[in-house]
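To keep things clear, I will list the structure first and then write my remarks on it.
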Amino acid sequence: MPKKILIVPTRRHILEAYYEYIIRYLSDEFIIDQAYTPFPPYEEFDKDPHANGNNPLMKNPANYDLLLPQFTTHWNFYGDEHWTDKSKDFSDKTALVYLEPHGYKKTAICASTSEATEKYLGNNSHHSLRFGVDTEMFKPYPMQREDDLLHVGFVGNWLTPRRYLKDLFMPLKDLEGIRLMIYPTDWASKVRPDEIESVGGTDFVKSIAGGDVWYPGLPNIYNQMDVFIRCDIDHGYQLSCFEAAACGVPVVCVDSGPTIELTKAGGGFGIDNGEAQYKTLWDEANLGRIAGEIREKVIFLRDNRNEAKMIGDRGRRFIEEKWNWQKFIPAWREFFREAVQVASN
């Protein structure tokens, strides 16, 4: 009988789309579902599917051989109020996922998108895993434009503090010959004025070109850009950099994770996040230095369009050769095989 695996997502997070590729490529060996789970007692879920916010689309974790929550901090198969009493219920068949080194000391079979995590875990039992890029979906497409400006873009959750959009991205608005294009992942129904001011105020809002699209719409966004900016100053998800590079777009990113492999391959520019030099990454001097370097790279790409095209081409080749799903799926398969074996024992 095939082993059953339940991936527990975090609501409306980009990783939910990426785990669908895991399901696609590994369902030849495992039965894999991705779904939220009901509150305890799980055995009464079918009797009352609407209790405690449950719904028929949820899955009972007791029916699976292995549980894979997206984050150690977002388990979702027991509510916060049940953490103390219920966390041990399925601990023997739960794979802990460390997407970045956030200081957790517990170790188990671990999935990682960053070499930094591998270094952090040291000799403890773990697997270092990565999410690939769908190079058939994320690729260059010709698109008409209404101007000949350099399109400098950002995609993501605009309220995430580590992005420092006001300090690192919005200063580019004064550059001649460029157009800022911001694509928020969503826009809350109630946004406070102070939240908008924290990312650049009216200038930020005026720079919003679109956003809140389904996953297949992302290639259309990247292909409207000439430069993609990722200005997070600490460890986070850098999948957007690889997606943009797959579309042939040069990347300018603060170098705090695996994007160093992309920039070293010539697909863009990596900027030191100042971790070794400054006590706090958000030190005013550090932010000023990063903003200045981002500005320099954007000016270079504006003034050297042919070179920018070659950088984009190199990024595309890097993703095709080094960051596609076919490169990473064998490691995921081995991870699941070992994880279900450990859980069964």
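Just so it is clear, the model here is predicted, and its values are computed rather than measured. Heavy-atom basis, side chains included; hydrogens, waters and symmetry copies ignored.
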Spacing of [atom1] belonging to [X] relative to [atom2] belonging to [Y], to within rounding of 0.5 Å:
X	Y	atom1	atom2	value
I271	K297	CD1	NZ	7.0 Å
L180	I229	CG	CD1	9.0 Å
E321	T135	CD	OG1	11.0 Å
F242	N324	CZ	CG	12.5 Å
Y19	I32	OH	CD1	11.0 Å
C231	Y164	SG	OH	11.5 Å

For the pair [X] (side chain) and [Y] (backbone), establish whether a donor and an acceptor sit closer than 3.5 Å, ignoring hydrogens and angles.
X	Y	answer
R179	H151	no
N286	N273	yes
N223	A244	no

Any side-chain heavy-atom pair from [X] and [Y] closer than 4.5 angstrom?
X	Y	result
E195	V199	no
L168	I294	yes
C247	K139	no

> Between R302 and I178, which heavy-atom pair has the shortest distance, and what is it?
Replying inline: CD-CG2, 4.1 Å
>> Using every non-hydrogen atom in the two residues, find where G210 and P184 come nearest and quote the distance to one decimal.
In response: O-CD, 3.0 Å
> Which is it for F138 and Y215 under the ring pair (Phe, Tyr, Trp, His ring centres under 6.0 Å) test, yes or no, and what are the steps along the way?
Replying inline: CA-CA 11 Å; F138 291 94; Y215 184 65; 5.5 Å; yes
>> Would you say the rings of W332 and Y21 are close, in the sense that their centroids are separated by under 6.0 Å?
In response: no
> Parallel, tilted or perpendicular: which describes the rings of F154 and F169, with under 30° parallel and over 60° perpendicular?
Replying inline: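 Ring orientation, 0 to 90° scale: tilted.
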> Can a cation-pi geometry be assigned to K4 and Y64, taking NZ or CZ under 6.0 Å from the six-membered ring centre and within 45° of the ring axis?
Replying inline: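 Yes.
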> Do V251 and M310 sit in the same hydrophobic cluster, where Ile, Leu, Val, Met, Phe, Trp and Tyr count as joined when their side-chain heavy atoms come under 4.5 Å apart?
Replying inline: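 Each belongs to a different hydrophobic cluster.
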